[in-house]
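Predicted model only: the values in this text are computed from it and were never measured.
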Amino acid sequence: MKPKAAIRGLPVYEPGKPLEEVKRELGLDDVIKLASNENPFGCSPKVKERLASEFSSLPLYPEGTAPELRRALSERLKVDPEGIILGNGSDEIIQMVSRAYLETGDEAVMADKTFPRYKTQTLIEGAKPVEVPLREGVHDLSGMLRRVTDRTKILWICNPNNPTGTIVDAPSLTGFLEELPDHVLVVIDEAYAEYVTDPAYPDSVRLLEKHPRLIVLRTFSKIHGLASLRIGYGLAHPDIVRELNRVREPFNVNRLAQRAALAALEDEAFVRTCREQNRRGIEQILRRLEEWNLFYYPPHGNFILLDTGRPADEAFEFLLKRGVIVRSGKALGYPTFIRVTVGTPEQNRRFLDALGEFVAEKEADRP
Ligand SMILES: Cc1ncc(COP(=O)(O)O)c(C=O)c1O
């Protein structure tokens, strides 16, 4: 028995190293994980209160279309509730979009160093990923435009981009959308949108009104701190959402996730606090990187991609032994970089202490 040709040789997704695994393997008690861009401040306390009210409904299937949550999102974002789809994480919406729109031989344009699920889902559908190199860590929109052909079905823009943390600004994006041929669906993945404070960041929700071939992806996994519940959403023209619903699993978003997301959405103060703490955390880390003369890409999300100047796995292992899990840049296409999630002030200090030791040791080793 052989699996279908499209998935032969496909890599299995490698997540950040789990906390429990590191504790077990290294015999450490006190480990911090700054590897998967989770929220170090947890989630809104309102979520926990609200979840309890859902426990008695656990034997019942959830409402697949999540009407209450869609209504709340539509009011918040001023969009048509028919133009919203929920997913088991935005990961699942990436899968749904690929499943609904890609056929064998189609092409999907994406950056060469970006969130890996766009490429994987493209390959699973038997389509061809067309990877366009980033320019100084930023999506090269004109380069992407040049690679669009009659076969192009989807164009992915990760904004802020994971792993670089850079953004495409509003003038560049609007100009690009004007020029793009009508047969291409553009997906803007905004998993980290709520963290962005740069005024040049596009208001993509408003762009939806003008561009019926646009899909915007958001998630409750990052600033809302609900990664374990798996819930994200897509915003698009109702015609696109109708197509996506054809390939959606019937009960894809569970009851607890829907209830928690509703509570999280209401707690705007929590989101504001996390955004502010994240901004301070970025300053705390960048100050030291500047002192050590380490290169980094300008961060707009809740993570920083920085160059250690040494093989990425060396830095990764060094930090791991000191109980700090980061992401090695090796698998991300940056063989001397690490990606670190911005943590609490204390977690950032611990990371910086360990990285400082690494930098000093490597400096001393130099001939
Ligand atoms: C850019 C980007 N998109 C999507 C996701 C998936 O998020 P979710 O937890 O909503 O599936 C992530 C998670 O790290 C991400 O970084």
Worksheet item: Would you call Glu266-Arg76 a salt bridge at under 4.0 Å N-O?
Response: no
Worksheet entry | Nearest heavy atoms of Gly225 and Cys43, plus distance in Å | O-CB, 3.5 Å
Worksheet item: So does Glu317 pair up with Lys321, basic N to acidic O under 4.0 Å?
Response: no
Item to complete: Tell me yes or no: between the side chains of Asn254 and Arg230, is some donor less than 3.5 Å from an acceptor?
Response: no
Discussion item. Does this structure show an ion pair linking Arg218 with Glu190, if we count only N-O contacts that are shorter than 4.0 Å?
Written reply: yes
Worksheet item: With sequence neighbours excluded, what pairs up with Glu38 under the side-chain hydrogen bond (donor to acceptor under 3.5 Å, both in side chains) test?
Response: Lys33
Worksheet item: With a 4.0 Å cut-off, would you call Arg322 and Glu357 a salt bridge?
Response: yes
Item to complete: Name all residues meeting the side-chain contact (heavy atoms from CB on, under 4.5 Å) criterion together with Ile7; count only those two or more places apart in sequence or in a different chain, and write none if there are none.
Response: Pro3, Lys4, Leu10, Ile124
Worksheet item: How far apart are the C-alpha atoms of Thr114 and Asn161, what are their side-chain angles, what is the distance that settles it, and do they pass the side chain to side chain donor-acceptor pair (under 3.5 Å) test?
Response: CA-CA 6 Å; Thr114 189; Asn161 186 42; 2.8 Å; yes
Worksheet item: Just by modelled atom types, is the Ala127 backbone N or O under 3.5 Å from a matching donor or acceptor in the Thr122 side chain?
Response: no
Worksheet item: Can you tell if the side chain of Leu185 reaches within under 4.5 Å of the side chain of Ile240, non-hydrogen atoms only?
Response: yes
Worksheet item: Do Asn245 and Arg242 have side-chain N/O donor and acceptor atoms under 3.5 Å apart?
Response: no
Worksheet entry | Sidechain-backbone polar pair: Asn159 side chain, Val168 backbone, donor-acceptor under 3.5 Å | yes
Discussion item. Exactly one of Leu155, Ile215, Leu214 should register a side chain to side chain contact (heavy atoms under 4.5 Å, CB included) with Val187. Which one does?
Written reply: Ile215
Discussion item. Keeping Arg246 on the side-chain end and Arg248 on the backbone end, is there a donor-acceptor pair under 3.5 Å?
Written reply: no
Fill in: Side-chain ion pair, Lys210 and Glu178, N-O less than 4.0 Å
yes
Fill in: Residues that Thr341 engages under side-chain contact (heavy atoms from CB on, under 4.5 Å), provided they are two or more places apart
Leu34, Asn37, Asn302
Worksheet item: When rounded to the nearest 0.5 angstrom, what distance separates CG in Leu86 from CG in Leu73?
Response: 6.5 Å
Fill in: Note, Pro181 side chain near Asp150 side chain (heavy atom, < 4.5 Å)
no
Fill in: Interatomic spacing from CG in Leu352 to CG in Leu289 - rounded to 0.5 Å
7.0 Å
Worksheet entry | Lys/Arg-Asp/Glu bridge criterion (N-O < 4.0 Å) met for Asp353, Arg350 | no
Worksheet item: Does the cation-pi check pass for Lys113 over Tyr334, that is, NZ or CZ under 6.0 Å from the six-membered ring centre and within 45° of its axis?
Response: yes
Worksheet item: Hey, does the side chain of Gln258 reach the backbone of Arg255 with a donor-acceptor pair shorter than 3.5 angstrom?
Response: no
Worksheet item: Is it true that Glu68 and Arg71 make a salt bridge, defined as a side-chain N closer than 4.0 Å to a carboxylate O?
Response: no
Worksheet entry | Residue pair Lys222 / Glu194, side-chain heavy-atom distance below 4.5 Å | no
Worksheet item: Should the pair Phe295 and Tyr297 be assigned to parallel (<30°), tilted (30 to 60°) or perpendicular (>60°) ring geometry?
Response: perpendicular
Item to complete: Would you mind checking if Lys17 and Glu25 are paired as a salt bridge, meaning a charged N to carboxylate O distance below 4.0 Å?
Response: yes
Worksheet entry | Distance, nearest 0.5 Å, that separates CZ of Arg279 from CD of Gln284 | 12.5 Å
Item to complete: Could you tell me whether Lys23 and Glu20 have a side-chain N and a carboxylate O separated by less than 4.0 Å?
Response: no
Item to complete: Name the orientation class of the two ring planes belonging to Phe318 and Phe358 (parallel below 30°, tilted from 30 to 60°, perpendicular beyond 60°).
Response: perpendicular
Worksheet item: Taking all atoms of both residues into account, what is the closest heavy-atom pair of Ala108 and Trp156, and its distance?
Response: CB-NE1, 4.1 Å
Fill in: Check: His224 side chain, Ser44 main-chain N or O, donor-acceptor pair, under 3.5 Å
no
Worksheet entry | Test: Glu283 and Arg280 ion pair at under 4.0 Å | no
Worksheet item: Under 3.5 Å, is there a donor-acceptor pair linking the side chains of Glu290 and Tyr296?
Response: yes
Practice prompt. Drop me the distance from Asp313's CG to Ile338's CD1, to the nearest 0.5 angstrom.
Written response: 11.0 Å
Fill in: CA sep, side-chain torsions, deciding dist, call: Tyr192, Phe303, ring-ring contact (aromatic ring centres under 6.0 Å, His included)
CA-CA 10 Å; Tyr192 304 94; Phe303 55 91; 4.9 Å; yes
Worksheet item: Can the positive tip of Arg349 be found less than 6.0 Å from the middle of the six-membered ring of Phe351, inside 45° of the ring normal?
Response: no
